[in-house]
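Structure record follows, encoded as structure tokens.
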Amino acid sequence: MPPTDSIAELQGAVEDAAKALRDGEPTEPAPTLDRPPKPDLGDYSSNAAMLLAGSLGDNPRAVAERLRGELEGRLGGAAGSLDRVEVAGPGFVNLFLSDAWYRRALAGLVAAGEDLGPAPTATPERILVEFVSANPTGPLHVGGGRGAAYGDAVVRLLSAIGHEVEREYYINDAGSQVTNFAASISARMQGEELPENGYQGEYVVELGKEIAAAGIDPGDLEAVGDRGIELMIGQVRATLSRFGVEMDTWFSERSLVERGDVDSSLAKLDASGHTYRHEGALWLRTTEFGDDKDRVLIRSDGEPTYLMPDIAYHWDKLERGFGRLVDVLGADHHGYVARLRASIEALGADPGSFEALIMSLVHIVEDGQRAQMSKRRGDFVSLDDLIDDIGVDAARWFMLWRSHETTVDIDLALARKQASDNPVYYVQYAHARIASILRKAAEEGSEMPESVDAVERSEPLAVSEKALIKRLLEFPHEVHEAAARRAPHRICAYSTAVAADFHAFYRDCQVVGAEGEAVERSRLALCLATKRTIAGALGLLGISAPERM
RNA sequence: GCCCCCGUAGCUCAGCUGGAUAGAGCGUCGGACUUCUAAUCCGAGGGUCGCAGGUUCGAAUCCUGCCGGGGGCGCCA
């Protein structure tokens, strides 16, 4: 029995009960099945009566009373799921479930094995998530790291609900910043002054040494630039790999230009009639598609703007068969979204297939001061430094535990000093604690309950056992919501809640050596299901679930 | 001026496709280790959900206006 069936049984009963009151017509919107704010208000509660009151022309509490009768018939009696139904507040229908229901739910959880996530979506899509895509002119900094952690988690979430998802990094290896980068390296190699707006970081000096050692002439700017980009991409790749992020594709902007894709996209736009010449430049009439002003595609000096290859790039993504394009962009690029979407529409594609997720800033705080993060000035905190400092798990957690649209501060001193109070350790500790219990059980000769019989245990369940079972049952829904809303931070919150419920259960309930063999077996089963859920949740975040701490 | 994000406990933030007495972590204060990991747990204190209207059985949540903070508004990328 899949773990969600216990919830589906209740949801179905509520919907059927509501339908019965409306001569078989379903309620729109569907009634909720929520966790009430306080435990003494029952295990689950529904707003069905409030939704129905209007169309039935009756007051919500009276409707709730009728629903109560329907629900008792469906879930009570022989079904044995129900202790009682209460009507409370403005007309909430509160379900108080029997121990039998909880035992069945637990049996379902354990029987599901590792597969505790949501059922695959009925409408799977091929999705390309482009993220990080930092200019290859310097090491990855913490802002890029947040994009990496977020984009990677979004991919994991979308995959978890059954989409076919790929990770891609767009390498800006064409255009003026590459020229500037080459000039900066070259200047360092020759001990000259950096060009105006040159890249000032110490890493540029290091790159220069490496490039010189490879026998490249500092005067050959093209060769210097090529090698510099290559070395930087190698570094970025290594950093991401260390961070647990593996891209499926590294897509070169230059390759687009060389293949002629930029020219063909331009021709396509021209043919569509959405372009025009003005003051020597070629413009795209993006205002026809919701942008606030038209945009230049080709400057009056004949050079394409940044937008042009990007249009070609997104067109290429669509041509590769992706039905949905997700771009994870830095906050400084959000003004760019409207014109890109407009451009995609101008090409005749569905603008709804393009989705931009805007990342807010991440600040590294040290000694109460925010570190600067300008690549040009070179005084930024690199992702590597952060990982060295607080580790991959903590770094990923702190980048993910807040909504991506909220600025995040990571106080290094605090993260170092309070490592033991860190929320990520709190969750990991619960996992390790369970592992320890299971080891202990094995030592005592207890068998791992890969399945439990729902009727085996006659002893009542403790309040904290029920709370934990109920929490585990929420997992599929939480994953689904987090994926749909592109909100991995919900998984952080959920993991914390699972850990808290587990710790409470641990406090109240002896597992190994519990009174009664059936009790011990069911509690071991609950530990197993909890361990799998925590590992699954952390896995969605790219965070490890240790066996020992 | 226009666009985007934010404004919720002392601090950092969840909750925002409407539900009951608004939550968590940190910090403060007070308790709990002869028991499967005390990296834990229990308790206390802490709130005009920026302000004002509106929508309705019901608003932190939706709508309008205003105030405050951040970011973006280039023939740069």
Side-chain angles (χ1 to χ4, degrees), chain A residues 29 32 34 36-38 41 45-47 50-51 53-54 59-61 88-92 94 135 137 172 174-178 180 197 253 278-283 291-293 295-307 309-310 330-338 356 358-361 365 401-411 414 418-430 432-441 443-444 446 484-485 487 489-490 492-493 496-497 499-500 502-504 506-514 520 523-524 527 548-549:
Chain A
T32 59
D34 286 325
K38 286 182 73 174
L41 292 171
S45 110
S46 178
N47 67 350
M50 275 102 83
L51 294 177
N59 78 68
R61 288 196 64 110
F92 286 99
N94 294 336
N135 281 341
T137 51
N172 294 117
S176 61
Q177 84 279 3
V178 176
N180 185 17
N197 295 326
E253 175 184 359
H278 178 64
E279 292 180 351
L282 186 73
W283 297 68
D291 198 3
D292 12 332
K293 53 178 103 167
R295 305 295 169 175
V296 172
L297 295 176
I298 307 292
R299 293 189 264 159
S300 49
D301 64 3
E303 286 296 309
T305 61
Y306 177 78
L307 179 60
D310 232 13
D332 54 338
H333 281 74
H334 87 255
Y336 186 69
V337 173
I358 305 300
M359 301 295 305
S360 278
L361 303 175
V365 176
W401 74 326
R402 301 304 183 210
S403 156
H404 68 279
E405 38 198 22
T406 298
T407 305
V408 149
D409 283 336
I410 301 179
D411 188 324
L414 206 69
Q418 302 192 330
S420 61
D421 297 328
N422 208 306
V424 65
Y425 294 120
Y426 179 83
V427 176
Q428 290 181 318
Y429 181 71
R433 210 176 203 187
I434 297 169
S436 171
I437 293 172
L438 297 181
R439 278 194 301 273
K440 169 93 174 176
E443 281 166 23
E444 310 266 315
S446 298
R485 300 182 191 213
H489 73 278
R490 286 174 157 261
C492 292
T496 306
F502 174 76
H503 288 309
Y506 177 88
R507 176 195 70 227
D508 294 344
C509 302
Q510 185 70 26
V511 178
V512 178
E520 182 184 291
R523 286 181 179 165
L524 280 172
C527 284
R548 299 169 197 273
M549 286 174 77

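In what follows, chains carry the letters A, B, and so on, assigned in the order in which the sequence lines appear, proteins first and then strands, with residues in each chain numbered from 1.
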TODO: Identify whether the glycosidic angle of B:C33 places it syn (within 90° of 0) or anti.
DONE: syn

Task: N or O in side chain of A:Arg507 less than 4.0 angstrom from B:C36 OP1/OP2 - done: no

Open item on the list: Would you say A:Tyr425 places a side-chain N or O within less than 4.0 Å of OP1 or OP2 belonging to B:U37?
Closed with: no

Task: Non-hydrogen atoms of A:Trp283 and A:Ala281 that approach each other most closely - done: CD1-O, 3.4 Å

Open item on the list: Please tell me if A:Lys293 has a side-chain N or O lying less than 4.0 Å from either OP1 or OP2 of B:C3.
Closed with: no

TODO: Give a yes/no answer on whether the side chain of A:Tyr429 brings an N or O atom under 4.0 Å of OP1 or OP2 in B:A39.
DONE: yes

Task: side chain to side chain contact (heavy atoms under 4.5 Å, CB included) against A:Lys293, all qualifying residues, sequence neighbours excluded - done: A:Arg295

TODO: May I have the distance from A:Lys38 (atom NZ) to B:G23 (atom P), rounded to whole angstrom?
DONE: 10 Å

Protein-nucleotides 6-16 of chain B N/O pairs under 3.5 Å:
residue	atom	partner	partner atom	Å
B:U12	O2	A:Arg402	NH2	3.1
B:C13	OP1	A:Thr407	O	2.9
B:C13	O2'	A:Arg402	NE	3.0
B:C13	O2'	A:Arg402	NH1	2.5
B:A14	OP1	A:Ser403	N	3.3
B:A14	OP1	A:Thr406	OG1	2.8
B:A14	O3'	A:His489	NE2	3.4
B:G15	OP1	A:His489	NE2	2.9
B:C16	OP2	A:Arg485	NH1	3.4
B:C16	OP2	A:Arg490	NH2	2.8

Open item on the list: When you measure from the centre of the six-membered ring of A:Tyr506, is the NZ or CZ of A:Arg433 closer than 6.0 Å and no more than 45° off the axis?
Closed with: yes

Open item on the list: What contact category does A:Asp310 fall into here, base, sugar-phosphate, or nothing, at under 4.0 angstrom with non-hydrogen atoms?
Closed with: nothing

Open item on the list: If the condition is side-chain hydrogen bond (donor to acceptor under 3.5 Å, both in side chains), which residues does A:His334 pass it with, not counting sequence neighbours?
Closed with: none

